[in-house]
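One structure is given here, and the rest of the page talks about it.
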Amino acid sequence: MKVTVRLFAALREQLGASSLEVEVGDGSTVADVVDRLADRHAGLREHRFATALNQRYADASAAVGDGDEVALIPPVSGG
Amino acid sequence: MDATDRYSRQILYPEIGPDGQRRLGAARVAVVGLGALGCPAAALLARAGVGRLDVVDRDLVERSNLQRQTLYTDADAAAGRPKAEAAARALSEANPDVEIVPHLRDLSAADADAVLDGADAIVDGTDNFDVRFLLNDWAVKHDVPWVYAAAVGASGLTMPVIPGRTACLRCLFEEPPPAGSAETCDTAGVLGPVTTVVGALAALETLKLLAGREDAVRRGLLQLDLWHNDLRPVAVEGPREGCPCCGRREFPFLARGRGGTASSLCGRDAVSVRPAGDGAFDLAATRDRLQRAYRVVDVGSILRFDVDGLRVTLFADGRAIVHGTTDEARARAVYARTVGS
């Protein structure tokens with residue numbers, strides 16, 4: 001199934017896109033989606049971020065479904 | 001109500017009304033950090049007529065601040081005035097009816113009680129996670145709402161925290177990111193309209209809280225990437241089960257002894273150094289000693305002297321800003337060698 005990953009701030013710059021499509025198997029979780037993306041973009045593993053599923057905060061163990069949207073939320077520090 | 005009254009347009013807005021305005025006038029709010037977020041937030045809260053505004057900052061005004069830190073003037077930068085002092089003056093000129101209390105401090109676990117006790121809400125205008133995690137622990141422990149706000153480049157992130165009812169910062173980010181891991185204004189730059197938008201959003205949520213309208217406060221995060229016209233709300237349910245802070249009520253960032261730190265200042269070629277001891281610091285005695293070796297400029301509340309091409313500004317609480325380097329170890333070394341730590 002297909003999941004859309006939305007990127008933000010430093011992650012958007014690093015991966016060069018505001019959203020990417022990821023293909024994962026049935027029964028996958030948010031963590032699986034992130035892992036699959038990190039297989040393609042190793043730099044992702046250097047970052048810490050919170051995650052959201054369909055615009056709601058969700059932890060890494062949340063189950064994803066076909067067509068879902070996972071957003072990565074890196075902490076922002078400046079000010 | 002007289003239409004010429006200072007607050008008439010705000011009172012006309014029915015969600016505030018006369019009752020909300022009365023509550024604002026009786027409220028006390030602390031703005032911690034008076035950079036590009038704290039400037040607009042403090043200005044809007046002062047103009048809105050909060051009763052008392054405590055403004056806290058450890059830094060001095062510099063020319064590179066003026067592009068986005070809207071409370072300061074060219075003259076403030078030329079004189080190198082402490083931000084808390086310059087901000088207090090600008091805020092009093094904007095609204096003399098508000099009690100403005102400046103704090104020239106690097107907020108730490110040791111002095112958080114002294115600065116924050118009595119606050120009805122706290123606004124995050126800081127540029128680092130050390131202080132944000134301290135604010136989060138303090139606010140949750142003392143049941144005081146605070147608003148997380150941050151911006152870098154053209155991106156921002158903000159979330160109101162109402163202890164026990166909304167998620168807290170540690171529900172989202174359990175530990176501060178490792179030093180050097182997040183973008184800073186030094187490495188990524190920052191745009192004035194972006195910080196002003198994020199600071200204004202933080203002020204707005206604070207007004208709702210102070211006006212007694214917790215029901216209207218945003219529940220969750222707002223991510224902004226304003227160069228790309230991208231605004232995304234992320235709903236966050238109540239406190240996360242198992243959160244060490246609002247769940248287990250552990251407050252490690254309030255433990256003393258996390259001092260003795262040096263941290264480079266966002267957007268500046270300078271390092272802030274704080275000695276580990278939290279005993280009383282004697283500025284006059286230190287001046288007398290330093291004068292044997294250095295040409296010391298005494299500006300009353302601060303001392304300034306040059307060493308090895310670096311300029312050291314020393315505050316009455318023993319904290320120093322070392323200008324001319326971003327190397328924290330070098331700054332600590334200069335501090336130890338000149339002031340002593």
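A, B, ... follow the sequence lines: proteins, then strands. Residue 1 opens every chain.
Considering only heavy atoms from C-beta on, B:Asp57 stays 4.5 Å or farther from B:Leu104 through its side chain. The shortest side-chain heavy-atom distance between B:Val123 and B:Glu205 does not fall under the 4.5 Å cut-off. Using a 4.5 Å heavy-atom threshold, the side chains of A:Asp35 and A:Arg45 count as touching. Proximity of A:His41 to A:Leu20: side-chain heavy atoms (C-beta onward) are separated by under 4.5 Å at one or more points. Annotation: side chain of B:Leu107 is in contact with side chain of B:Leu135 (closest heavy-atom distance under 4.5 Å).
Among the candidates B:Ala151, B:Ala154, B:Pro233, B:Ser155, the residue making the largest number of heavy-atom pairs closer than 4.5 Å to chain A is B:Ala151. The most heavy-atom pairs under 4.5 Å with chain A, out of B:Thr158, B:Leu221, B:Leu37, B:Asp124, come from B:Leu37. The residue among A:Asn54, A:Asp59, A:Leu7 with the most heavy atom pairs within less than 4.5 Å of chain B is A:Leu7.
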- Using the salt bridge (Lys or Arg N to Asp or Glu O under 4.0 Å) rule, take B:Glu175 and B:Arg170 through it: C-alpha gap first, then chi angles, then the decisive distance, then the call. CA-CA 7 Å; B:Glu175 295 294 329; B:Arg170 295 194 75 195; 2.9 Å; yes
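Contacts between B:Val190 and chain A at a heavy-atom distance below 4.5 Å are absent for every atom of the residue. At a 4.5 Å heavy-atom cutoff, B:Gln69 makes no contact with chain A through either its backbone or its side chain. Heavy atoms closer than 4.5 Å to chain B are found in the side chain of A:Arg12, but not in its backbone. Neither the backbone nor the side chain of B:Arg68 has a heavy atom closer than 4.5 Å to any heavy atom of chain A. Only the backbone of B:Thr126 comes within contact range of chain A, with heavy atoms under 4.5 Å apart.
The ring pair (Phe, Tyr, Trp, His ring centres under 6.0 Å) check on B:Phe133 picks up B:Phe129, B:Phe253, with sequence neighbours excluded.
Inspection of the A:Glu69 and A:Thr4 side chains reveals no N or O donor paired with an N or O acceptor under 3.5 Å. In summary, the side chains of B:Asn136 and B:Trp146 do present a donor paired with an acceptor at a separation below 3.5 Å, with no hydrogens or angles considered.
The contact list for residues 222-231 of chain B toward chain A, using heavy atoms and a distance under 4.5 Å, reads B:Gln223, B:Leu224, B:Asp225, B:His228, B:Asp230 by residue number.
For the atom pair OH (A:Tyr57) and CD (B:Glu237), the distance works out to 12.0 Å, reported to the nearest 0.5 Å.
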